[in-house]
Amino acid sequence: MTRTRLLRAALVVLLVAGCSSGGDWAKPGADDSAAAAAYQDCRGLADTAVETDRAIDQDILASRQSDWDRAAVVRQQTQVMHEHTRDRAATIVDSCMKGKGFRAKP
């Protein structure tokens with residue numbers, strides 16, 4: 001398996017794992033299933049919002065495959081791109097959940 005495919009597979013696994021629960025969110029009168037449903041809605045919103053960023057990241061990675069094999073700089077840039085996209089998605093989820101009346105559990 002190439003590094004690109006391995007990286008993509010790891011990203012998919014992390015995204016699926018992150019979508020499987022309601023995270024650490026609570027709301028008076030809401031049970032875990034309500035939190036999970038709200039969280040899934042917010043994850044969907046975040047995924048849609050960062051879809052273009054992910055596509056651009058993948059295009060850059062695909063076009064730089066030969067550089068990827070030779071240069072640590074490209075790996076570092078790729079990591080920074082993924083971290084930026086992940087952080088943006090997390091911010092969107094956080095805002096969405098708060099907008100739905102949920103608060104992070106202490």
Side-chain angles (χ1 to χ4, degrees):
M1 183 178 272
T2 67
R3 288 182 185 180
T4 304
R5 286 184 181 169
L6 185 60
L7 184 60
R8 286 181 187 161
L11 182 60
V12 168
V13 168
L14 289 173
L15 289 173
V16 170
C19 293
S20 63
S21 72
D24 291 329
W25 295 95
K27 177 179 174 179
D31 61 8
D32 288 343
S33 64
Y39 185 78
Q40 293 238 356
D41 288 344
C42 292
R43 280 298 313 173
L45 176 69
D47 287 344
T48 299
V50 299
E51 185 175 337
T52 300
D53 291 347
R54 285 189 187 124
I56 290 169
D57 292 350
Q58 286 180 351
D59 287 347
I60 291 170
L61 187 59
S63 68
R64 310 273 323 252
Q65 184 62 43
S66 62
D67 293 342
W68 173 264
D69 294 332
R70 292 188 307 245
V73 170
V74 175
R75 286 190 294 274
Q76 290 172 341
Q77 289 173 338
T78 301
Q79 181 66 29
V80 168
M81 288 186 298
H82 287 300
E83 289 172 2
H84 172 75
T85 301
R86 181 202 61 218
D87 292 347
R88 183 169 172 235
T91 300
I92 293 168
V93 169
D94 187 65
S95 295
C96 177
M97 290 297 285
K98 287 178 180 175
K100 291 178 179 278
F102 286 87
R103 299 290 173 244
K105 292 179 184 176

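All residue numbers refer to positions in the sequence shown, counting from 1.
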Working to the nearest 0.5 Å, report the span between [atom1] of [X] and [atom2] of [Y].
| X | Y | atom1 | atom2 | result |
| --- | --- | --- | --- | --- |
| Asp87 | Ile92 | CG | CD1 | 11.0 Å |
| Arg54 | Arg88 | CZ | CZ | 10.0 Å |
| His82 | Asp53 | NE2 | CG | 11.5 Å |
| Thr48 | Arg43 | OG1 | CZ | 10.5 Å |

| said: List the residues meeting side chain to side chain donor-acceptor pair (under 3.5 Å) with Arg103, not counting sequence neighbours, and say none if there are none. | reply: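 Once residues adjacent in sequence are excluded, Arg103 has no partner under the side chain to side chain donor-acceptor pair (under 3.5 Å) criterion.
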| message | Taking Tyr39 as the starting point, is it possible to reach Leu45 by hopping between hydrophobic residues whose side chains are less than 4.5 Å apart? | response |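 Different hydrophobic clusters.
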| field | Lys100 backbone acceptor or donor facing Lys27 side chain under 3.5 Å | value |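 Here the side-chain-to-backbone pair exists.
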| task | Grab the two heavy atoms, one from Ala89 and one from Ala46, that are nearest each other, plus how far apart they are. | result |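 Closest heavy-atom pair between Ala89 and Ala46: O-CB, 3.6 Å.
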| task | With the side chain counted from C-beta on, respond yes when Asp24 and Phe102 share a heavy-atom pair under 4.5 Å apart, and no when they do not. | result |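 No; the side chains remain at least 4.5 Å from each other.
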